[in-house]
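Below is one structure, written out as C-alpha cells, with a few remarks after it.
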Amino acid sequence: QVQFVESGGGLVQPGGSLRLSCAASGSIFSIYAVGWYRQAPGKQHESVALIISGGSTNYADSVKGRFTISRDNAKNTVYLQMNSLKPEDTAVYYCNTHPYPNPPLWGQGTQVTVSS
C-alpha cells in the first residue's frame with residue numbers, strides 16, 4: 001500500500017557523510033516501524049536501522065555510533081544520517097516497513113558508494 005522513494009545517495013570518500021531521505025506516498029504515522037535496509041553486491045538485503053512510532057531506534061552492530069535514523073511524520077519522510085562512512089557501507093539503500101512485507105516490495109533504492 002505505502003510506496004517509498006529513496007534519495008540522497010552518492011559517492012563519498014571513507015570518513016565522509018551522507019544523509020538519505022525516504023519519502024512515503026502515504027502517511028507513516030500509523031506504521032509501527034520503518035527501517036532502512038541495504039543490499040551490497042552479491043549479498044541479500046540486511047537491516048541497517050529502524051525507528052518505531054514512539055521514537056525508539058535500533059541499529060545493526062556494524063553501524064552503531066555512525067548512523068542515525070529519524071522520522072518526520074508531518075512530512076511522511078524517514079531519514080538516515082550516515083557519518084564516518086566505510087567502504088563496507090557501499091550498497092543500495094532502501095527504506096521499507098519493519099518488518100518488510102512478504103513478498104517484499106522494494107523501491108528503486110539509492111546507491112551509496114564509499115571509495116577513495
Side-chain angles (χ1 to χ4, degrees):
Q1 48 185 355
V2 177
Q3 302 295 313
F4 301 95
V5 179
E6 303 89 347
S7 63
L11 173 64
V12 297
Q13 293 186 335
S17 298
L18 284 173
R19 189 192 189 207
L20 307 183
S21 297
C22 170
S25 62
S27 175
I28 61 173
F29 178 78
S30 61
I31 300 177
Y32 175 69
V34 178
W36 281 96
Y37 306 80
R38 67 186 181 188
Q39 185 177 36
K43 296 184 178 181
Q44 296 183 332
H45 291 80
E46 66 169 333
S47 179
V48 175
L50 67 90
I51 185 167
I52 64 175
S53 59
S56 297
T57 59
N58 192 37
Y59 300 91
D61 288 341
S62 60
V63 306
K64 285 182 179 177
R66 301 188 297 118
F67 290 10
T68 302
I69 187 172
S70 61
R71 64 192 294 175
D72 187 334
N73 290 335
K75 296 181 179 180
N76 294 323
T77 302
V78 180
Y79 304 95
L80 184 68
Q81 178 66 46
M82 305 185 297
N83 299 324
S84 302
L85 284 163
K86 304 176 180 179
E88 50 263 45
D89 295 319
T90 296
V92 179
Y93 284 71
Y94 305 87
C95 59
N96 211 332
T97 57
H98 193 282
Y100 55 79
N102 184 19
L105 182 60
W106 303 105
Q108 291 297 306
T110 185
Q111 176 71 50
V112 172
T113 302
V114 185
S115 176
S116 60

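In this text the structure is predicted, and so the values were computed from the model without any measurement. The figures here come from the full heavy-atom set of this structure, side chains too, leaving out hydrogens, waters and symmetry mates.
- Grouping the Ile, Leu, Val, Met, Phe, Trp and Tyr side chains by contacts below 4.5 angstrom, directly or via other members, places Val63 with Val12.
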> Does the pair Leu20 and Val112 meet the rule for a side chain to side chain contact (heavy atoms under 4.5 Å, CB included), with working shown?
Replying inline: CA-CA 9 Å; Leu20 307 183; Val112 172; 4.1 Å; yes
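- Heavy atoms only, all atoms of each residue included: Lys64 and Tyr59 are closest at CE-O, 3.2 Å.
- For CD of Gln108, the number of neighbouring non-hydrogen atoms (other residues, nucleotides, ligands) closer than 6.0 Å is 12 at most.
- Looking only at side-chain heavy atoms (C-beta outward), Arg19 and Tyr79 come within less than 4.5 Å of each other.
- Rounding to the nearest 0.5 Å places CG of Leu18 at 9.5 Å from CG of Asn83.
- Contact record, Cys95 with Phe4: SG-CB, 3.4 Å, taken as the closest heavy-atom pair.
- Put simply, CG on Asp72 and OG1 on Thr77 are 6.5 Å apart, with the number rounded to the nearest 0.5 Å.
- There is no path of hydrophobic side-chain contacts, each under 4.5 Å, that joins Tyr94 to Val78.
- Put simply, the side chain of Asn96 gets close to the backbone of Leu105: a donor and an acceptor are under 3.5 Å apart.
- Summarising the geometry of Ser116 relative to Pro14, their closest heavy-atom pair is N-CD, 3.7 Å, with the distance given to 0.1 Å.
- Nearest heavy-atom pair across Trp36 and Cys22 is CZ2-CB, 3.5 Å.
- Distance check, rounded to the nearest 0.5 Å: CD of Gln39 to NE2 of His45 gives 4.0 Å.
- Heavy atoms only, all atoms of each residue included: Ser84 and Asp89 are closest at O-OD2, 4.5 Å.
- Other residues, nucleotides and ligands place no more than 12 heavy atoms under 6.0 Å from the CD atom of Gln44.
- Atoms OG and CZ, from Ser53 and Arg71 in turn, are 6.0 Å apart once rounded to the nearest 0.5 Å.
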>> Ser47 vs His98, test: side chain to side chain contact (heavy atoms under 4.5 Å, CB included). Steps then yes/no.
In response: CA-CA 9 Å; Ser47 179; His98 193 282; 3.8 Å; yes
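- The closest donor-acceptor contact from the side chain of Thr90 to the backbone of Val114 lies under 3.5 Å.
- For the atom pair Ile69 CD1 and Ile52 CD1, the distance stands at 11.0 Å (nearest 0.5 Å).
- Here Thr97 contributes atom OG1 and Tyr37 contributes atom OH; the two are 6.0 Å apart, rounded to the nearest 0.5 Å.
- Nearest approach of Phe67 to Arg38, heavy atoms of both residues: CE2-NH1, 4.1 Å.
- A continuous path of hydrophobic side-chain contacts links Leu50 to Tyr32 [ILVMFWY only; heavy atoms under 4.5 Å].
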